[in-house]
Number of protein chains: 2
Amino acid sequence: MTEGPAHQSAESDTTRERLLESAERLFAERGYDATSVREITQAAHCNVASVNYHFGGKDNLYLQVFQRRLDALRRIRTGRLEQALEEAGDDADVELVLSTFTASFMEPLIDESEGRLIMELMAREMLDPHLPRHVLFETMIDPVRRSLASALRQVAPGLDQVSAELCVHSIVGQLVHVIHHARLRHGPDAPSWPAEELERMARHITRFSTAGVLAVAGGDGR
Amino acid sequence: MTEGPAHQSAESDTTRERLLESAERLFAERGYDATSVREITQAAHCNVASVNYHFGGKDNLYLQVFQRRLDALRRIRTGRLEQALEEAGDDADVELVLSTFTASFMEPLIDESEGRLIMELMAREMLDPHLPRHVLFETMIDPVRRSLASALRQVAPGLDQVSAELCVHSIVGQLVHVIHHARLRHGPDAPSWPAEELERMARHITRFSTAGVLAVAGGDGR
DNA sequence: GTGAGTATAAAACGAATGTTTTACTCCTGC
DNA sequence: GCAGGAGTAAAACATTCGTTTTATACTCAC
């Protein structure tokens, strides 16, 4: 009576999995330092010592939270681009690349909370690193940047490597800004964000950046 | 001998001012939670109790660090835009607005460390708020956004209010991304960042965004 | 000179942190 | 039946945190 054994969604999972889920949510909402091991274990309905038993410490639990999601997220980002370029063949253009990338970037923010949390975690980690220096870059940021730069150069032949990287910066900067903006508008603990607003942002960023890339690729006159 | 009375730059200032400077630097480097009152007072060469004596607490010290800089920074951002529009008169165009705003946004990152620190602080505060909700928005973000949106609509008459705000989002997103990118490249404790690299970024963002704004303002065909 | 007020310093306080120790309950293999 | 490992829980651990208290110089008005 006093202890409901299965009245919550993920109650039947392993303690280890419950810890990962609670930690992911709390780290994303409050950051590494502001989240205590006691809060995590309380949310996971288990003892304080569980974190050290299953993960060896708070820092390694934080690392495992990232490693569980990063590979899948990187494959989505890079895979969608390659797939779209392949399907379009010779019809591929800058707008296709940008709408595809923008969509793959924003999808996790809409449909499921899983992806939104790892985006929040990455944004925090960029500003306040608590992971080994290479983790985020080697398994996520650098491959995605290279993938987008390569795709842009395929559809905009006038784009040299340096300009392509600058355009990647402009596009990613706009998209990351969406995350910050959406959190400030709807709060950090909202389960998901309104799809129509995000889609309006996606259409704008695609249009804005398509013109930007073409201008940079085509020299001053076009 | 053991106590150098004036061997440091700001040694002769008041304890209150030394606290503000140490706090600004440490909060910018490590964030609010990761910076302890003891670290701040040690860096300011004074006692732990000084923070509570002069500011009433860590949270109010943090607030005062912001209030000391925000007004000046807002005036730079908005003032430069009005000044440039006034001087150019009828020759004002989108590129002028964007190069002016980009320059005013990036200048604090180059010439002096004072401005760079408040930029870092604002970036952290956006992700992990520790100020009263309204401070950052009412005295900084909203006025600057309105100023840039207004300037854009003056030089791009086809731009409606909603599209102008979306363009502001795109431009600010790129510029904020520069700060994050520069810190990751050159470390959070670098006194300033290489001017030539920032100027290259500024030129790119201006060109990229000019084309973006014109495309959004001009409808699909132009 | 003296007392009120200001500024600084040293020490102590209670609370919260991550981690470790210890004990208890299962379950499994034999 | 029982040794032994895995999982969990309660308690204690040492540290660190922001803050408060107490005491000590210094200044200036009277």
Side-chain angles (χ1 to χ4, degrees), chain A residues 1-8 10-27 29-66 124-125 128-132, chain B residues 2-6 8 10-27 29-66 124-125 128-132:
Chain A
M1 193 69 77
T2 57
E3 301 173 1
H7 69 294
Q8 228 178 4
E11 190 74 21
S12 59
D13 297 344
T14 317
T15 297
R16 190 191 147 92
E17 294 172 5
R18 264 181 294 137
L19 279 174
L20 279 171
E21 290 184 12
S22 299
E24 182 176 39
R25 180 171 54 83
L26 289 172
F27 281 142
E29 286 178 8
R30 315 180 190 183
Y32 182 84
D33 288 323
T35 303
S36 71
V37 174
R38 282 171 175 80
E39 288 173 318
I40 296 172
T41 53
Q42 187 174 345
H45 301 94
C46 63
N47 193 265
V48 215
S50 306
V51 166
N52 285 275
Y53 179 79
H54 285 285
F55 297 95
K58 182 186 180 184
D59 52 350
N60 189 254
L61 167 60
Y62 185 70
L63 173 61
Q64 296 306 319
V65 165
F66 276 84
R124 288 190 181 276
E125 179 63 21
D128 213 55
H130 291 277
L131 290 177
Chain B
T2 56
E3 301 173 2
Q8 227 176 5
E11 193 73 21
S12 60
D13 296 345
T14 319
T15 297
R16 192 191 143 92
E17 295 171 5
R18 264 180 294 136
L19 278 174
L20 280 172
E21 291 184 12
S22 299
E24 181 175 40
R25 181 171 54 82
L26 289 171
F27 281 143
E29 286 178 7
R30 314 179 191 182
Y32 182 84
D33 288 323
T35 303
S36 71
V37 174
R38 283 169 174 82
E39 286 173 319
I40 296 172
T41 53
Q42 187 174 346
H45 302 95
C46 65
N47 193 266
V48 213
S50 305
V51 166
N52 285 274
Y53 179 78
H54 286 283
F55 297 95
K58 182 187 179 184
D59 53 350
N60 190 255
L61 168 59
Y62 185 71
L63 173 62
Q64 296 305 321
V65 165
F66 275 86
R124 287 189 182 278
E125 179 64 19
D128 214 55
H130 293 276
L131 290 178

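Hydrogens, waters and symmetry mates are skipped; everything else that's a heavy atom, side chains included, is used. Below, chains carry the letters A, B, ... as their sequence lines are ordered, and counting in each starts from 1.
- Nucleic acid contact for B:Thr41: none, since no nucleic acid atom lies under 4.0 Å from a heavy atom of the residue.
- Taking atom CG of B:Leu19 as the reference point, atom P of D:dT19 lies 13 Å away to the nearest angstrom.
- In this structure, B:Val48 and B:Arg16 both approach DNA chain C, and ranking their closest nucleotides by distance from the 5' end singles out B:Arg16.
- Between A:Ser50 and D:dT8 there is no side-chain polar atom (N or O) within less than 4.0 angstrom of OP1 or OP2.
- What separates CZ of A:Arg30 from P of C:dT17 is a distance of 10 Å, to the nearest Å.
- Of the listed nucleotides (D:dA9, D:dT8, C:dT19), C:dT19 has the atom at the smallest distance from the side chain of A:Asn52.
- Relative to the side chain of B:Asn47, the nucleotides C:dA9, C:dG18, D:dG7 differ in distance, and C:dA9 lies closest.
- Here the P atom of nucleotide D:dT19 and the CD1 atom of B:Ile40 are 10 Å apart, to the nearest Å.
- Note: B:Tyr62 and B:Phe27 have perpendicular aromatic rings, judged against thresholds of 30 and 60 degrees for the angle between ring planes.
- Taking atom CG on A:Asp13 and atom P on D:dT8, their separation rounds to 12 Å, with Å as the unit.
- Checked against D:dA9, D:dT8, C:dT20, the side chain of A:Cys46 finds its nearest nucleotide in D:dA9.
- Atoms CG and NZ, from A:Leu63 and A:Lys58 in turn, are 14.0 Å apart once rounded to the nearest 0.5 Å.
- Of the candidates D:dG18, D:dA6, C:dT19, the closest approach to any side-chain atom of A:Tyr53 belongs to D:dA6.
- A:Ser22 and A:Arg25 are not linked by any side-chain donor-acceptor pair at a separation below 3.5 angstrom, with hydrogens and angles left out of the test.
- Going from atom CG of B:Asp33 over to atom P of C:dA16 covers 15 Å, rounded to whole Å.
- Remark: P of C:dA10 and NE2 of B:His45 are 14 Å apart, rounded to the nearest angstrom.
- Per the geometry, CZ belonging to A:Arg38 stands 16 Å off P belonging to D:dC17, to the nearest Å.
- Ranking C:dG18, D:dT19, D:dT8 by closeness to the B:Val37 side chain, first place goes to D:dT19.
- With contacts defined as side-chain heavy-atom distances shorter than 4.5 Å, the pair B:Asp128/A:Asp128 does not qualify.
- In this entry the distance linking NE2 of B:His54 with C1' of C:dA9 reads 12 Å, nearest Å.
- Considering only side-chain N and O atoms, B:Thr15 lies under 4.0 angstrom from the phosphate OP1 or OP2 of C:dT8.
- Comparing atom distances between the A:Lys58 side chain and each of D:dA10, D:dT8, C:dT19 picks out C:dT19 as nearest.
- Crowding of A:Gln42 atom CD: a count of heavy atoms from other residues, nucleotides or ligands under 6.0 Å not exceeding 12.
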